[in-house]
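Heads up: the structure comes next, in structure tokens.
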Amino acid sequence: MMKESLVKAYSTQANAEWYSAYLYLAMCSHADSLGLKGFANWLYVQYQEEMAHGNHMYQYIAERGEKAIFSAIEKPEKVEWASLTEMFEQVLEHEQKVTGLINDIATLSKNENDHASYNFIQWYVDEQVEEESSADEILSTLKFVKEDPVAVYNMDKEFQARVFVDPFANAK
Ligand SMILES: [Fe+2]
Ligand SMILES: [Fe+2]
């Protein structure tokens, strides 16, 4: 059993995670259209991670014996970016926004005295530190090299190696 306020909050967050997935898929498709296979791969892995987050939250609600609330997933606010720097500025901004949402859920879980939910959301608190840090690192590099084609080519090569690892594989 979960309090109604928490069912709502976790359902909204699952939706926000699926929206994040959608946004990264739009970015992936943009990178693909530029022929940047590595950036596209990095963003596709990001998409897969966000899908896993949404699914994980949905499963948590079900595990607590509740029914998730379904609402429409917004379309990505943008599908074109003027530069990679602009795109990664949005990645960082978006992750900062998500961190705020996760923190609010942690506060709500605590205020509602739901220790299981408070414990559950801590994984996401840590995850957001990593998310912001990796977005910030890529953005800083892009700014530092001023999107020099050779540097971007090398980054693109490096990003081809990123593979999706299901963070909840052991929990299933
Ligand atoms: Fe996420
Ligand atoms: Fe994320």
Side-chain angles (χ1 to χ4, degrees), residues 2 6-32 36 38-64 68-79 81 84-110 114 116-142 155 158-172:
M2 243 173 144
L6 286 169
V7 175
K8 259 190 203 155
Y10 278 89
S11 298
T12 305
Q13 191 56 36
N15 185 286
E17 298 292 337
W18 288 321
Y19 170 77
S20 298
Y22 222 29
L23 177 66
Y24 289 131
L25 193 58
M27 289 180 176
C28 167
S29 134
H30 181 70
D32 231 341
L36 295 167
F39 277 89
N41 176 60
W42 193 94
L43 290 156
Y44 192 77
V45 171
Q46 201 66 14
Y47 153 79
Q48 287 174 300
E49 279 192 1
E50 302 300 353
M51 286 302 289
H53 295 165
N55 298 351
H56 180 233
M57 282 184 185
Y58 162 77
Q59 276 173 350
Y60 175 67
I61 297 166
E63 204 186 322
R64 294 290 303 271
I69 303 155
F70 284 80
S71 41
I73 298 162
E74 290 286 314
K75 78 172 196 182
E77 51 195 286
K78 253 185 180 181
V79 289
W81 290 267
L84 291 168
T85 305
E86 194 191 287
M87 190 161 81
F88 276 88
E89 263 162 3
Q90 197 188 348
V91 171
L92 181 60
E93 251 169 55
H94 181 71
E95 289 302 334
Q96 285 165 341
K97 202 176 100 190
V98 173
T99 300
L101 298 175
I102 297 290
N103 285 343
D104 288 348
I105 291 185
T107 306
L108 181 70
S109 303
K110 200 175 174 185
D114 189 330
S117 292
Y118 186 69
N119 191 34
F120 176 89
I121 206 69
Q122 296 310 309
W123 185 89
Y124 287 90
V125 172
D126 293 341
E127 167 70 8
Q128 284 311 117
V129 174
E130 207 185 302
E131 289 275 52
E132 283 191 35
S133 144
S134 59
D136 192 39
E137 199 185 307
I138 297 171
L139 180 60
S140 301
T141 308
L142 285 169
M155 285 174 88
E158 185 194 320
F159 291 160
Q160 279 177 32
R162 189 182 184 196
V163 254
F164 171 66
V165 181
D166 184 352
F168 314 114
N170 294 329
K172 278 169 198 162

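Counting starts at 1 for both ligands and their atoms, in listed order.
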Atom name in H53, limited to N/O/S, at shortest distance from the Fe ion (ligand 1):
ND1
Please determine whether E95 has a backbone or side-chain N, O or S atom lying under 2.8 Å from the Fe ion (ligand 2).
yes
The Fe ion (ligand 1) contact by E50, N, O or S atom under 2.8 Å:
yes
Step through it carefully: locate the ring centre of F168, locate the ring centre of W123, and say whether they are under 6.0 Å apart.
yes
Heavy-atom neighbours of E74 CD exceed 12 at 6.0 Å:
no
Between Y22 and Y19 (judged by ring centroids, cut-off 6.0 Å), do the two rings come close enough to count as a pair?
no
Between Y24 and Y44, ring centroids under 6.0 Å:
no
We want to know whether W18 and E50 form a side-chain donor-acceptor pair, criterion being a heavy-atom distance below 3.5 angstrom.
no
Under 2.8 Å from the Fe ion (ligand 2), is there an N/O/S atom belonging to E17?
no
Can you tell me which N/O/S atom of E131 has the shortest distance to the Fe ion (ligand 2)?
OE2
